[in-house]
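Notes follow once the structure below has been shown.
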Amino acid sequence: MTKIGYARVSTADQDTSIQVEALKAAGCDVIRQEKASGTTTEGRGELATVLDFLQAGDVLVVTRIDRLARSINDLLHIVTVIKGKGATIKATEQPFDTGDIYGELTFNLLGVFADFETKLRRERQMEGIAKAKAEGVYKGRKATIDAAAIRQMRDEGMGATAIAKALGIGRASVYRILDAAEE
């Protein structure tokens, strides 16, 4: 039986050292860590490596369930992969072990709460943005495409494909700006 630790933080300016220390204290033989959002499994190469590496009898150890996933669908997928390999999951800060039915129940409940927390955070963020927009404080992301340059190139006779290529943008962006100028 191998104990494999997985540590994850969401952004590059965060640090995994506290998780790594907890995983070492839990007796992990191998610890993989990465800095990537937990809202999806896309782009999480270390998690993919851990899931590929797991074998029957191994234990995947995390500090908390939200280090694995923040979406119930992703969490269920991860658990299905782990169980399919005959491995189990344990958390150092949450009392569960998927090796028994009570641990599995706790695990599923924690996953639902992590998913709920993510959705609540997103909802609060959207409310804050709507309020800021209503107050005229939030104007959205600054434009990265020079609309005047696009219109000037068009007036000089360039087509959408040539403009897009010259500016390093997509043709759809060129059309969107030209259509907005005509309204």
Look up atom NZ in Lys83 and atom CG in Leu54, then write down how far apart they are to the nearest 0.5 Å.
-> 14.0 Å
Audit row: Val174, Arg154, side chain to side chain contact (heavy atoms under 4.5 Å, CB included) steps and yes/no = CA-CA 10 Å; Val174 173; Arg154 184 215 38 211; over 6 Å; no
Any sub-3.5 Å donor-acceptor pair from Lys3's side-chain atoms to Cys28's backbone N or O?
-> no
Residues forming a salt bridge (Lys or Arg N to Asp or Glu O under 4.0 Å) with Asp66, sequence neighbours excluded | Arg64, Arg70
Any chance the side chains of Glu34 and Tyr6 put a donor and an acceptor closer than 3.5 Å?
-> yes
For the side chain of Asp74 and the backbone of Ala69, is there at least one donor-acceptor N/O pair under 3.5 Å apart?
-> no
Answer yes or no: does atom CG of Leu109 have more than 12 heavy-atom neighbours from other residues, nucleotides or ligands under 6.0 Å?
-> yes
Rounded to the nearest 0.5 Å, the CE atom of Met158 sits from the CD atom of Gln152 at a distance of 10.5 Å
Flag the pair Leu60 / Val50 as yes when at least one side-chain heavy-atom distance between them is below 4.5 Å, and no otherwise.
-> yes
Side-chain heavy-atom pair Thr49, Arg32 within 4.5 angstrom cut-off | yes
Backbone N or O of Arg67 within a donor-acceptor pair of the Arg8 side chain at under 3.5 Å?
-> yes
Ser173 side chain to Ile169 backbone, donor-acceptor under 3.5 Å | no
Quick one: pull up CD1 in Ile4 and CG in Leu23 and give me the separation to the nearest 0.5 Å.
-> 11.5 Å
Minimum heavy-atom distance Ile150-Ile163, with the two atoms named | O-CD1, 3.8 Å
With distance as the sole test, does Lys90 use its side chain to make a donor-acceptor pair with the main-chain N or O of Ala26 at under 3.5 Å?
-> no
Nearest-0.5 Å distance, CD1 of residue Ile65 to CG of residue Asp115 = 12.5 Å
Spell out, yes or no, whether Met126 and Tyr138 are grouped together once hydrophobic residues are joined by side-chain heavy atoms under 4.5 Å, including indirect joins.
-> yes
Answer with yes or no whether the hydrophobic clustering places Ile82 together with Val61; edges join I, L, V, M, F, W, Y residues whose side-chain heavy atoms lie under 4.5 Å apart.
-> no
At their closest point, which heavy atom of Ala87 faces which heavy atom of Gln55, and how far apart are they?
-> CB-O, 3.8 Å
Is there a donor-acceptor pair under 3.5 Å between the side chain of Gln19 and the backbone N or O of Thr16?
-> no
According to a 4.5 Å side-chain heavy-atom criterion applied to Ile, Leu, Val, Met, Phe, Trp and Tyr, with indirect links allowed, do Leu68 and Phe113 form part of one hydrophobic cluster?
-> no
In terms of heavy-atom contacts, Glu46 and Gln33 come closest through CG-O, 3.3 Å
Would you call Glu123-Lys119 a salt bridge at under 4.0 Å N-O?
-> no
Note: Lys131-Glu127 ion pair, threshold 4.0 Å (strictly below) = no
Determine the minimum heavy-atom distance between Ile31 and Val20, stating which atoms define it.
-> CD1-O, 3.8 Å
With hydrophobic residues grouped by side-chain heavy-atom distances under 4.5 Å, do Leu47 and Val59 end up in a single group?
-> no
Could you tell me which non-hydrogen atom of Ala91 sits nearest to which non-hydrogen atom of Thr63, and how far apart they are?
-> CB-O, 3.8 Å
Rounded distance [0.5 Å steps], CG in Leu51 versus CZ in Arg44 | 9.0 Å
Is Asp155 salt-bridged to Arg151, going by a charged N under 4.0 Å from an acidic O?
-> no
